[in-house]
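Read through the structure below, which is laid out as structure tokens, and then see the notes.
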Amino acid sequence: MNAHTASSSTADEAAIRSLEQGVVAAFRAKDARTVMSFFVPGDRLLVFDLATPRQYVGHAAFSQDWKHLFAMTDGPLSVDMSDLRVTTNSSDLAYSHSIVHVSGKRTDGTSIDHNARITHVYEKADGKWLIVHEHVSVPIDMATGKADFQSKP
């Protein structure tokens with residue numbers, strides 16, 4: 001790797017980390033429009049989320065998921081990202097993985113308190129990184145078949 005490639009990679013990683021901070025800030029603000037500004041527009045977006053359906057195809061479909069999530073919550077949401085690892089081995093394609101902890105309250109009064117694993121794939125177009133694929137998951141307890149929202153390493 002030459003010096004130019006190394007500095008480009010460092011700049012790209014910084015841009016992606018900034019993008020992720022923006023997603024978290026918009027999540028905390030319960031601002032679906034701003035969250036979606038970090039995702040590729042159109043029908044190329046593919047998301048595997050925790051909630052049904054099995055997948056969201058396209059920006060418009062996934063935007064509805066965020067609106068639904070925020071509508072079912074009451075009051076503030078706490079969102080913390082940890083263990084973010086970004087890989088930028090290409091000038092226009094990168095990926096990351098992280099752990100996100102979300103807590104808050106649903107409109108029915110029940111608590112939200114869970115950890116999830118997130119993988120993002122990014123594409124760079126016109127000098128800007130955007131998420132083109134998101135995969136959110138939680139481990140399951142194989143004995144019970146239930147999601148483990150409190151999983152630890």
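Worth saying up front: this structure is predicted, and the values here are computed from it rather than measured. Positions are given from 1 along the sequence.
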Quiz item: For the residue pair Val138 and Ala147, what are the closest heavy atoms and their distance?
Solution: CG2-CB, 3.7 Å

Exercise. Find out if a path of hydrophobic residues (ILVMFWY) with successive side-chain heavy-atom gaps under 4.5 Å connects Leu46 to Tyr56.
Key: no

Exercise. Report the residue from Ser96, Ser9, Ser98 that forms a side chain to side chain contact (heavy atoms under 4.5 Å, CB included) with Val86.
Key: Ser96

Quiz item: Do you know which two heavy atoms are closest between His133 and Ile131, and how far apart they sit?
Solution: O-CG2, 3.4 Å

Quiz item: Hey, are the side chains of Pro139 and Arg117 touching, using non-hydrogen atoms and a 4.5 Å cut-off?
Solution: yes

Exercise. Provide the full list of salt bridge (Lys or Arg N to Asp or Glu O under 4.0 Å) pairs with a residue in residues 35-53, sequence neighbours left out, each pair given once.
Key: Arg44-Glu123

Quiz item: Does the side chain of Phe27 reach to within under 4.5 Å of the side chain of Val100, using non-hydrogen atoms?
Solution: no

Exercise. Not counting sequence neighbours, which residues clear side-chain hydrogen bond (donor to acceptor under 3.5 Å, both in side chains) with Thr110? List them please.
Key: Arg106, Asp108

Quiz item: Given side chains that start at C-beta, do those of Phe48 and Ser137 come closer than 4.5 Å, heavy atoms only?
Solution: no

Quiz item: So, the side chain of Lys124 versus the backbone of Ser90: is there a donor-acceptor pair under 3.5 Å, distance only?
Solution: no

Exercise. For residues Leu77 and Phe70, determine if any side-chain heavy atom of one lies less than 4.5 Å from a side-chain heavy atom of the other.
Key: yes

Exercise. Enumerate the residue pairs fulfilling salt bridge (Lys or Arg N to Asp or Glu O under 4.0 Å) with a member in residues 63-92, sequence neighbours excluded, ordered by first and then second residue.
Key: Arg28-Asp80, Asp74-Lys105

Quiz item: Just how far is it from atom CD1 of Ile118 to atom CD of Glu20, taken to the nearest 0.5 Å?
Solution: 7.5 Å

Quiz prompt | Results of ring pair (Phe, Tyr, Trp, His ring centres under 6.0 Å) for Phe149 - residues two or more places apart only | solution = His114

Quiz item: Under a 4.5 Å side-chain heavy-atom rule over Ile, Leu, Val, Met, Phe, Trp and Tyr, are Ile140 and Val136 clustered together?
Solution: no

Exercise. Using the six-membered ring wherever Trp is involved, compare the ring planes of Trp66 and Phe62 and label them parallel, tilted or perpendicular (cut-offs 30° and 60°).
Key: perpendicular

Quiz item: Do Tyr122 and Leu19 pass the side chain to side chain contact (heavy atoms under 4.5 Å, CB included) test, and can you show the C-alpha distance, the side-chain angles, and the key distance before you say yes or no?
Solution: CA-CA 10 Å; Tyr122 314 90; Leu19 177 154; 4.0 Å; yes

Exercise. Locate the shortest heavy-atom distance separating Leu84 from Arg17; write the atom from each residue and the value.
Key: O-NH2, 3.2 Å

With a 3.5 Å cut-off and sequence neighbours excluded, list the donor-acceptor pairs that the side chains of residues 33-41 form with protein atoms.
from  : atom 1 : to    : atom 2 : distance (Å)
Thr34 : OG1    : Asp31 : OD1    : 3.3
Thr34 : OG1    : Asp31 : OD2    : 2.6
Ser37 : OG     : Thr34 : O      : 2.6

Quiz item: With the 4.5 Å side-chain cut-off for hydrophobic clustering, are Met81 and Leu50 part of the same group?
Solution: yes

Practice problem: Kindly write out the residues that satisfy side-chain hydrogen bond (donor to acceptor under 3.5 Å, both in side chains) with Asp113, not counting sequence neighbours, or none if the list is empty. | Solution: His101

